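Please read the structure below before turning to the comments.
Values in this document were obtained by computation on a predicted structure and should not be read as measured data.
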Amino acid sequence: MSKPFPDTFQGNAIPWLLEGEAHDLPITGALPPTLRGTFFRNGPNPQFAPRGHYANWYDGDGMVHAFHIDDGRVRYVNRWVLTERFRAERDAGQALLGTLFEPQSVAPEGESLSRNAANATIVCHGGKVLATWETGLPHEIDPMTLETRGLHDFGGAIPHDMMVHPKIDPVSGEMHLFGRTAPHPAPGNMTYHVVDRSGAVTHTAEVAVPYDSMTHDMFMTENFVILTVFPAVYDEARAQAGGPYVAWEQDRESFLGILPKGGTGEDITWVSFPSCWGSHTMNAYEDGDKLICDVIRYPRAMLFPDPDGSWPTGLEFPALHRWTVDPKAGTVDERRFDDANGEMPIMDVRFRGRPYRHGYSAGWSGAVRGLDAIHHYDWQTGVRRTFVPGDGCLVQEPAFAPAGPDAAEGEGYLLALVYRGAENRSDLVVFDAQAIDQEPIATVTLPHRIVTGLHGAWLPR
Ligand SMILES: [Fe+2]
């Protein structure tokens, strides 16, 4: 008998403990016959009540959800990722690891376990479907059944770490990514890797970083990759002294490291600018000698304590910003898209790294609770359209699915999960991606709720 979850878990954050399949979900409206593929979602969903202060996004066991869409029908599957920690804790019948912000709560049997929870997002590349994690290797899962195939180290070529959000070049098919050079928690520089479209690592270079930060996302243009360094700082000595392992060090500057694709550590150009947290990137592209970088920006990250361990309150919520970076002048000009707050940005990834018009995010409709709105940003007109499902409803990061392989940028569908609090269950809603403020073209009804998660992907078939 396992322990009950504490009442700090509320509403749609209460873990969902069932795994299974639903073969043909009911649909209101109609899915277009050209919409074929899988919508993946990943997110933290602990199997046991945690030991210590639970940080959710870093600590919960990854549960993956797949909506296989074909011929106007939807088959749903959900499975936990069977990580080392998941298997050990299942055998023990309780949580063994401590949490990121309270590691000392670890059980003796948990001290040698990897913290990797495989809970951040899904990356589809080289014929593989990978569940990523913050500072660790991804786990490969079966694209249809979601069964765990195991840790994926690219044949040993990426031994320690692949960042949560690598970037895939739609023209070359290459995946570009950064990772830490040493296994967590040893401090270290970053390593830049290029993985070809078959999944083979073709280039590796070490990059010296200004300081040891949580590098969660990156930018990529046609010719450059851009490493991000914000003041969410790892400090093992501070942790040994009883302080937080990751803390927000407000006095540090932010940095963008601009590196030609396939370059080495000597080729990087650093541009510094005032402290902020660029949690997630929407896209980036080149405009002459300048780089246009679209990003979700916080004045100060919410997820980390101060170095003394205290948690700030009353922080400003994030919003979509455009940074115009001039590497020669060493400047970053910044403008905010509009007054809306948003997180979890996505775009039509067929245009990754190139000039583009359409972006999307989850967001807030006004009063800040959970994410309760979906935004469509039109960079050409400056117009934002917003879908708000209504009182008591929550949303998650959407995904864009093109209408077909030759469709124009932004021509397609937007898929999003909506949690309906009054019914305590979720729907998958599908919009014309140009008209998310209109009625959805299809609503796929789930019998259960899908816990608010992190990121996902659309894999066309
Ligand atoms: Fe993320």
Distance, nearest 0.5 Å, that separates OG1 of T221 from NZ of K261: 6.0 Å
How long is the span from the CD atom in E286 to the CG atom in L291, to the nearest 0.5 Å? 6.0 Å
Pairs flagged by ring-ring contact (aromatic ring centres under 6.0 Å, His included) wherever residues 409-433 is involved - sequence neighbours left out: F387-F431
Are E409 and R357 within salt-bridge range, i.e. N to O under 4.0 Å? no
Kindly give the heavy-atom pair with the smallest separation between L25 and P447, and that separation in Å. CD2-CD, 4.1 Å
Taking the six-membered ring for Trp, are H358 and F400 closer than 6.0 Å centroid to centroid? no
So, taking the atom named CG in L227 and the one named OG1 in T215, what distance separates them when rounded to the nearest 0.5 Å? 5.0 Å
May I ask you to decide whether D142 forms a salt bridge with K128, counting only side-chain N to carboxylate O separations under 4.0 Å? no
Which residue pairs pass the ring-ring contact (aromatic ring centres under 6.0 Å, His included) test with at least one member in residues 438-461, sequence neighbours excluded? W16-H448, Y76-H448, H165-H455, H280-H455
Tell me, do V77 and T145 make a side-chain contact under 4.5 Å, heavy atoms counted? no
With a 6.0 Å cut-off on ring centres, are Y245 and Y234 close enough? yes
For D70, salt bridge (charged side-chain N to carboxylate O under 4.0 Å, His left out) partners two or more places apart: R36
Is there a salt bridge (charged side-chain N to carboxylate O under 4.0 Å, His left out) between R354 and D169? Walk through the geometry before answering. CA-CA 10 Å; R354 277 69 182 176; D169 188 312; 3.2 Å; yes
Would you indicate whether the side-chain heavy atoms of Y360 and M282 approach each other to under 4.5 Å? no
Please tell me whether N116 and S114 have a donor and an acceptor in their side chains that are separated by less than 3.5 angstrom. no
A118 and T83 have their tightest heavy-atom pair at CB-CG2, 3.8 Å
If you measure from CG on D217 to OG on S279, what distance do you get to the nearest 0.5 Å? 8.0 Å
Nearest-0.5 Å distance that lies between atom CG in N424 and atom CG in N12: 7.0 Å
Of the non-hydrogen atoms in A232 and W277, which two are nearest, and what is the gap between them? CB-CZ3, 3.8 Å
At what distance, to the nearest 0.5 angstrom, does CG of N119 lie from CH2 of W57? 9.5 Å
Flag the pair D339 and R384 as a salt bridge only when some basic side-chain nitrogen lies within less than 4.0 angstrom of an acidic carboxylate oxygen. yes
Quick one: are V430 and L414 in side-chain contact, heavy atoms under 4.5 Å? no
Less than 4.0 Å between a side-chain N and a carboxylate O, is that true for D378 and R385? no
Side chains of H375 and S361, donor plus acceptor under 3.5 Å: no
Using side-chain heavy atoms (C-beta onward) and a distance below 4.5 Å, is H65 in contact with F39? no
Quick check: do L428 and T443 have side-chain heavy atoms less than 4.5 Å from each other? no
If you measure from the Lys or Arg side-chain nitrogens to the Asp or Glu carboxylate oxygens, is any gap between D427 and R420 under 4.0 Å? yes
Are D71 and R73 within salt-bridge range, i.e. N to O under 4.0 Å? no
Could you tell me if the side chain of Q10 sits less than 4.5 Å from the side chain of D7, heavy atoms only? yes
Quick one about Y377 and D294 (side-chain donor to acceptor, distance below 3.5 Å, no hydrogens or angles considered), yes or no? no
Check whether any side-chain heavy atom of V106 lies under 4.5 Å from a side-chain heavy atom of R51, and answer yes or no. no
Heavy-atom pair of closest approach, residues D437 and T386: CB-O, 3.9 Å
I'd like to know whether the aromatic ring centres of F337 and W379 sit less than 6.0 Å apart in this structure. yes
Are the side chains of I168 and H176 in touch, meaning some heavy atoms are under 4.5 Å apart? no
Can you tell me which residue pairs pass the side chain to side chain donor-acceptor pair (under 3.5 Å) test with a partner in residues 39-49, sequence neighbours excluded? R41-Q396, Q47-R90
Compute the centroid of each ring, for F48 and then for F5, and state whether the two points are separated by less than 6.0 Å. no
Got a sec, which residues hit side-chain hydrogen bond (donor to acceptor under 3.5 Å, both in side chains) with T38, two or more places apart in sequence or on another chain? H68, R461
Under a 4.0 Å threshold between the charged nitrogen and the carboxylate oxygen, would R180 count as salt-bridged to D212? yes
Check E102 against H53 and note the closest heavy-atom contact, atom names and distance. OE1-N, 2.7 Å
Looking at Y54 and P46, what are the two nearest heavy atoms and their distance? OH-CD, 3.2 Å
For R336, check salt bridge (charged side-chain N to carboxylate O under 4.0 Å, His left out) against everything at least two apart and list the hits. none
